[in-house]
Every structure is written in structure tokens, then in C-alpha cells.
Amino acid sequence: MKSRTRFAPSPTGYMHIGNLRTALYEYLIAKSQGGDFVLRIEDTDQKRYVEGATDIIYSTLKKVGMFWDEGPDIGGNFGPYVQSERKKIYAQYAHQLVELGGAHYCFCKAQDEEERENQEASGLKFEDPCKHLSIDEAKKKIAAGEPFVVRQNINKKGVSVFEDVVYGKIEIDYDELDEGVLLKSDGLPTYNFANVIDDHLMQISHVVRGNEYISSTPKYNLIYEAFGWTPPIYVHVPPVMKDAQHKLSKRNGDASFQDLVAKGYLPEAILNYIALLGWNPGTEQEIFSLAELEKVFTCERLNKSPSIFDITKLKWMNGCYIRSLSPESFHELALPYYKKCLTRDVNLEFLSTVLQPRVETLAEIEENIDFIENLPFYSSTLYENKKMKTDEQIAKSSLMLAKEALVAQTVWTNESLFETLKNVAAEHNLKNGQILYPVRIALSGKQTTPGGATEIAVVLGKKTTLERIDLALTLL
RNA sequence: GGUCCCAUCGUCUAAUGGUUAGGACAUCACCCUUUCACGGUGGUAAUAUGGGUUCGAAUCCCGUUGGGAUCACCA
């Protein structure tokens, strides 16, 4: 049978990392077996609906290259793919489930609910009085306009057993299950019901979801059973954690996919990193494109325990991706950051070549190039450096020598500049650093810079280079 | 609290009864070097705990501890 998976987010805000990882695993299960990946929007809770949230879902999936085969925007043979548009379908199946004995109509009010909770808190199992209503009696009430819900029947005794791809055999006592609402009084289904109906109707073969659903899975199986349907293959995955005891969550203000992109992480790197959070290929390879993941992914190598999201490792991986970019691609990605803080006429192409191996996120570009626009104030003690064997005196004479050579310099490339200054050093019996270090300080005003003295000179251009050396000499 | 689930370096993980417990990030040291980074070499660092089973346990079983999940007209 062809494998079919679905990503079924509810449009409640931004896409968080755990969500995206679930989508990735769903995508990979489908694609590693030549199957279909379906996008379904679960908007049955109008209270939580957030405008624009579905666009974020679309754009995120597109950015990482996870294209869906069926979905609200492109249609498919099993539509509609938005749950609020499937209202009638759920109602029809809910009524059918009642006829089949899998559920009952319930007319309990808020105060009954309180009683229900109280009883359950005291350890007793609540007996829903509505359960004893005959279907005919219930239908009369409904016809009379009384608000109702459809509530699941849990009549079985003993233990429910099911197999999970990640966790293996799970056993849960039927007594632990409560008779939850399947169809709400607003006529829309709850997740518990909509999922079963949609996953069956859409012929989903593998259901991938957070492991918080493990304990309610027997309830879903009961519904499948009542309809005479075959349950899907379950793949429950552990959560992505912020630290040892907290899940990554929007409420804590933890980074979402778009936050990370805004901070200069590449979508491919983010995807690669989260693929490895809870899954491993069984080899020592760590860098994977989505296409490569499709080839090697198997759910058997999914982990059971939660994993902590480690931004430091993501940063490293992002650095790997940045370094593997072609110089042109990097330059293109860097350009918006240059525009943000540079107005001077500098050699941006060359700047990109010195920056590329040095930044791990694009956002780091800014702090690396701040000195280009405005030379920072610095103390002349900055010229003192033991390792370079320089001090203010040497700096002064070196800068004068460098200036003389640079004024005469016609070819303004890193190689030729380096050659020139190296020769100056040699002629005056100085170490390279004794010339280059003061020049670099004069040009940048900073202890550390991306690239050496001559590289900075190339970026700044001849005019600015000489201006800054002159300025430095007036201060010494 | 009942129930379910989980437990290897700080972090992500490998090792499905026999390994000096492997790799990666981070960290430290050294090398390279025009500062920084990149790159290279090496180091520190883990089987939560107590009992079994076994010739042999990170691995299987039981207990303990710790953590998470669930018990909504949310998903």
C-alpha cells in the first residue's frame, strides 16, 4: 500500500520547531516510500484561530522545500482540506457513530460538567445520565432545539493494546479513558473525532504526532473499531525541549522557525538540525539535504526520549551551511545586511569573501563590519601587543612607512598589498606583524577584525585607507 | 494523585549480551597564521541508583530515584 502522511497543524500562530520537526518526519515517511504528503488545516477551534497563520504554514513549508501533494490551496482527491469546511462530514459520521453504539447524545449543561469534574476528582467514574436516553428520546430533544454534544461511549473493559512504531507495545486500561466530546455544541468536531474521520477518509497510512497523544490513542482505536475501519500505523514522537523540564513553546517566547530565519539561520540548516533531534541515520554523517534525508530516513531510528534544542549546535551547523554556499550566493544573502549599516562606497564583493568563513549566522555580519562605516574611538594603547612586538612608538614609525608605500600602490588587491607591506617590513628589519598589526588597528580601531590588515584595506579602498592612516598618525 | 512513557559525556547521539563505551557540538591545549575566524592535531568528559539473570549487562528482569505526558465542548 502506498504510504500517505499528513501534516495537520492548527492555525494558531507561528510555526514552532517541534511542529516543523513533526512535519518533516511525516514528509520523510511519505517521500522515503514514494508516498504522498498531505496538508490539512485543523481549524475546529474558532476561538484559537489566528489570522494569517495558514500563510505562515505555507511559507515555512515552502522555504524548507517540503512541498505537499494535496492541500487547501492545491486541492486533491480527498478534499476539502480545511476542517471547518468539512463540518457536514463530521456531523454525518457522528450521528452514524451513535447508531453504531460508539457514542451517545449528551445534553449536560455547565453545572453538570462541574458535578462530573467533582466526581472524577474524588476518584469515581462519572456516569453520564444522558447515556441512558434512547436514541429516539434524544432525537426528540434535538428536534426541539435543545443544544447537544455527541459524546463517546467507552463500554469496553480490560486493557487496550496497540503497537507504536517508536514506543512499541502500549497497554492502557479502558477504565482510564473518559467519554469525551466528539462533536461540540457548535456542531464542529473536537480533535479527537475530526482526526479519526479525516485520517480514515483521506487514507492516511501513518499518523505522526506528539507522544502526548499516546494515552488517548485507545479512544481513537475504539472509534475506528466502531466504524469497522482499520487504524493507521502510529508514530508517536517525543517532544523537543527547551531544557530538561520544559517543552519548547510559543508561550515561553522560544524561537520559532521564522525567528531563527530572522536571526540569520538558513532554512536548510534549521531543517537539517531538527531532523537530527530525535533521529539519527545510524552513520556518522550529520550534514543532510532534504533530498538525502528522503533516501536514508526510516522511523525505526526515531528516538523515544525528548531532546533539548541546542542553539549552539544549530549555530555550528548553520556555519557549515554558510561556508558551503557559493561566494555569489553568500554575497546575495549578505547584501541586505550590508545595506542596513553601510553607506560608504566599499568593496562589498571582497567583504563577502572575508566574511563568509567567519560568520555562523547572517546576523553576525553586522557586528563584524560596524567599523567600516564609522571608525570607533580607540585608545592608542591598542597598538601595544606583545605577540606582535608592537607598541605606540613602533606603530607610529610603521604607519609612516606603510603610508609611504601605500600612497605609491597602484594595484589594490589583497595579494599585492600584502606583498608590498611584507617588503616594507623586510627592508626595515621588522616582523610582518610590526607593520601589519598597526595598520589593521589604524584601519579598524578594533582589536579583532574579519580579515587582516590588507584585507581590510581592500574592503575600504585606497582613499579611506590612507585617510585612516593619516588620522591614526595625528593621534600618535 | 491514578495511569502511561522515558533515563549513555554539559548537549545531540552510536553501541540491539562480549568495544580501551564510538562520533558530533561545546570546552581546553597545541599547530597554522597579518588580529579573528576557517582548517588540522590532541585532551577533559557519560552508561541515574540498588538488586537480580548470565561465564559475561549500557544492553534482559524487578525495585528506587529523577523527569515528562495525560486525566477540556484545546489540539
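The chains referred to below are lettered A, B, ... by the order of the sequence lines, with proteins before strands, and numbering in each begins at 1. Just so you know, these numbers come straight off a predicted model, no measurement behind them.
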**OP:** Tell me which residues in residues 187-200 of chain A put a heavy atom below 4.0 Å from RNA chain B, sorted by number, or none.
**Re:** Thr190(A), Tyr191(A), Asn192(A)
**OP:** Using both distances under 3.5 Å as the test, list the Watson-Crick or G-U wobble partner of U33(B), or none.
**Re:** none
Subject >> Base of A69(B) paired with side chain of Tyr213(A) (donor-acceptor, under 3.5 Å) >> reply: no
Original post:
Looking only at atom P, what distance separates U35(B) and U20(B), rounded to whole Å?
Top reply: 44 Å
**OP:** Using atom types as modelled and distance alone, determine if a side-chain donor or acceptor of Gln434(A) lies under 3.5 Å from a backbone N or O of Lys389(A).
**Re:** yes
Original post:
On a whole-Å scale, what distance lies between the P atoms belonging to U8(B) and U3(B)?
Top reply: 25 Å
**OP:** Counting heavy atoms from C-beta on, name the nucleotide in A75(B), C4(B), A72(B) closest to the side chain of Ile214(A).
**Re:** C4(B)
**OP:** Choose from C74(B), U34(B), U70(B) the nucleotide whose nearest atom is closest to any side-chain atom of Ser215(A).
**Re:** U70(B)
Subject >> Ile308(A) vs Asn432(A), nearer the 5' end of RNA chain B by closest nucleotide >> reply: Ile308(A)
Original post:
Counting only Watson-Crick or G-U wobble pairs whose two distances fall under 3.5 Å, which nucleotide matches G1(B)?
Top reply: C71(B)
Original post:
NA contact type, Asp173(A), heavy-atom cut-off 4.0 Å: base, sugar-phosphate, or nothing?
Top reply: nothing
Subject >> Rounded distance in Å between the C1' positions of U65(B) and G51(B) >> reply: 14 Å
**OP:** Using atom CD of Gln83(A) as one end and atom P of A75(B) as the other, report the distance to the nearest whole Å.
**Re:** 8 Å
Original post:
Within the distance-only criterion (no hydrogens, no angle test), does the side chain of Arg21(A) pair as donor or acceptor with the backbone N or O of Leu271(A) below 3.5 angstrom?
Top reply: no
Subject >> Donor/acceptor link under 3.5 angstrom from Ser307(A) side chain onto base of C12(B) >> reply: no
**OP:** Between A69(B), C71(B), A26(B), spot the one nearest the side chain of Lys247(A), thanks.
**Re:** A69(B)
Subject >> Residue pairs fulfilling salt bridge (charged side-chain N to carboxylate O under 4.0 Å, His left out) with at least one residue in residues 85-94 of chain A, sequence neighbours excluded >> reply: Arg86(A)-Asp198(A)
Original post:
Partners of Tyr265(A) by ring-ring contact (aromatic ring centres under 6.0 Å, His included), sequence neighbours excluded?
Top reply: none
Subject >> Any donor-acceptor N/O pair under 3.5 Å between U34(B) base and Thr454(A) side chain >> reply: yes
Original post:
With both distances kept under 3.5 Å, what pairs with A7(B), Watson-Crick or G-U wobble?
Top reply: U65(B)
Original post:
Hey, does Glu171(A) reach any base, or is it just sugar-phosphate, or nothing, if we go heavy atoms under 4.0 Å?
Top reply: sugar-phosphate
Subject >> Donor-acceptor contact present, side-chain Thr464(A) to main-chain Gly461(A), <3.5 Å >> reply: no
**OP:** Just compare U13(B), U34(B), C73(B) and give me whichever is closest to any side-chain atom of Met388(A).
**Re:** U34(B)
Subject >> Between Asn211(A) and Tyr167(A), a side-chain donor and acceptor under 3.5 Å >> reply: yes
Original post:
From G10(B), C73(B), C6(B), pick the nucleotide closest to the side chain of Ser185(A)?
Top reply: C73(B)
**OP:** Give the intermediate values and the outcome of ring pair (Phe, Tyr, Trp, His ring centres under 6.0 Å) for residues Tyr58(A) and Trp68(A).
**Re:** CA-CA 10 Å; Tyr58(A) 293 155; Trp68(A) 49 102; 5.6 Å; yes
**OP:** Would you tell me if any nitrogen or oxygen in the side chain of Asn303(A) comes within less than 4.0 Å of OP1 or OP2 on A14(B)?
**Re:** yes
Subject >> Under 3.5 Å: donor-acceptor pair, side chain of Asp310(A), backbone of Thr312(A) >> reply: yes
**OP:** Would you classify Phe418(A) as touching base, sugar-phosphate or nothing, given that sugar-phosphate means primed atoms plus P, OP1 and OP2, and contacts are heavy atoms under 4.0 Å?
**Re:** base
Subject >> For the student: nearest non-hydrogen atoms of Leu333(A) and Tyr337(A), plus distance >> reply: O-CD1, 3.5 Å
Original post:
What nucleotide among A72(B), C6(B), C73(B) has an atom nearest to a side-chain atom of Lys184(A)?
Top reply: C73(B)
Original post:
CG of Asp128(A) versus C1' of A72(B): gap in Å, rounded?
Top reply: 15 Å
**OP:** Record whether the side chain of Arg440(A) comes under 3.5 Å of the base of U35(B) through a donor-acceptor pair of N or O atoms.
**Re:** yes
Subject >> Nearest-Å distance once atom P is located in both G23(B) and A15(B) >> reply: 15 Å
**OP:** Could you let me know what A57(B) is paired to, Watson-Crick or G-U wobble, both distances under 3.5 Å, or none if it's on its own?
**Re:** none
Subject >> Minimum-distance nucleotide to Ile170(A) side chain [options: U35(B), C4(B), U11(B)] >> reply: C4(B)
Subject >> Separation of atom CG in Asn414(A) from atom P in U34(B), rounded to whole Å >> reply: 12 Å
Original post:
Salt bridge or not for Lys446(A) and Asp370(A), using N-O below 4.0 Å?
Top reply: yes
Original post:
Between Tyr167(A) and Ala244(A), which has a closest nucleotide on RNA chain B that is more 5'?
Top reply: Tyr167(A)
**OP:** When you get a sec, tell me which of G39(B), C4(B), U35(B) is the closest nucleotide to the side chain of Arg323(A)?
**Re:** G39(B)
**OP:** Please check the phosphate of C5(B) (OP1 and OP2 only) for any side-chain N or O of Asn211(A) closer than 4.0 Å.
**Re:** no
Original post:
Base, sugar-phosphate, or nothing: which does Met317(A) touch, judged by heavy atoms less than 4.0 Å apart?
Top reply: nothing
Subject >> Residue list, ring-ring contact (aromatic ring centres under 6.0 Å, His included) with Phe162(A), at least two apart or on another chain >> reply: Tyr234(A)
Subject >> Spacing of Glu286(A) atom CD relative to A14(B) atom C1', expressed in whole Å >> reply: 11 Å
Original post:
Atom CG of Asp243(A) and atom P of G10(B): how far apart are they, to the nearest Å?
Top reply: 16 Å
Original post:
Within a radius of less than 6.0 Å around CD of Gln393(A), do more than 12 heavy atoms belonging to other residues, nucleotides or ligands occur?
Top reply: no
**OP:** Determine the Euclidean distance between corresponding P atoms of A46(B) and C36(B); express it in Å to zero decimal places.
**Re:** 32 Å
Original post:
Where along residues 47-57 of chain A does a heavy atom come under 4.0 Å from RNA chain B, residue by residue in number order?
Top reply: Lys47(A), Arg48(A)
**OP:** Would you mind reading off the distance between Trp316(A) atom CH2 and C12(B) atom P, rounded to a whole angstrom?
**Re:** 16 Å
Original post:
Distance under 6.0 Å and angle within 45° of the ring axis: does Lys141(A) meet both against Phe107(A)?
Top reply: yes
Original post:
Who are the salt bridge (Lys or Arg N to Asp or Glu O under 4.0 Å) partners of Arg358(A), not counting sequence neighbours?
Top reply: none
Original post:
In whole Å, what separates the P atom of U47(B) from that of C30(B)?
Top reply: 29 Å
Original post:
What is the distance, rounded to the nearest whole Å, between atom NZ of Lys313(A) and atom P of U27(B)?
Top reply: 13 Å
Original post:
Between A72(B), C4(B), G67(B), which nucleotide has the shortest distance from any of its atoms to the side chain of Gln245(A)?
Top reply: G67(B)
Original post:
Between Ile274(A) (CD1) and U13(B) (P), how many Å, whole number?
Top reply: 13 Å
Original post:
What interatomic distance, in whole Å, is found between C1' of A26(B) and the corresponding atom of G10(B)?
Top reply: 8 Å
Original post:
Quantified in whole Å, what is the P atom distance between nucleotide C73(B) and nucleotide U16(B)?
Top reply: 46 Å
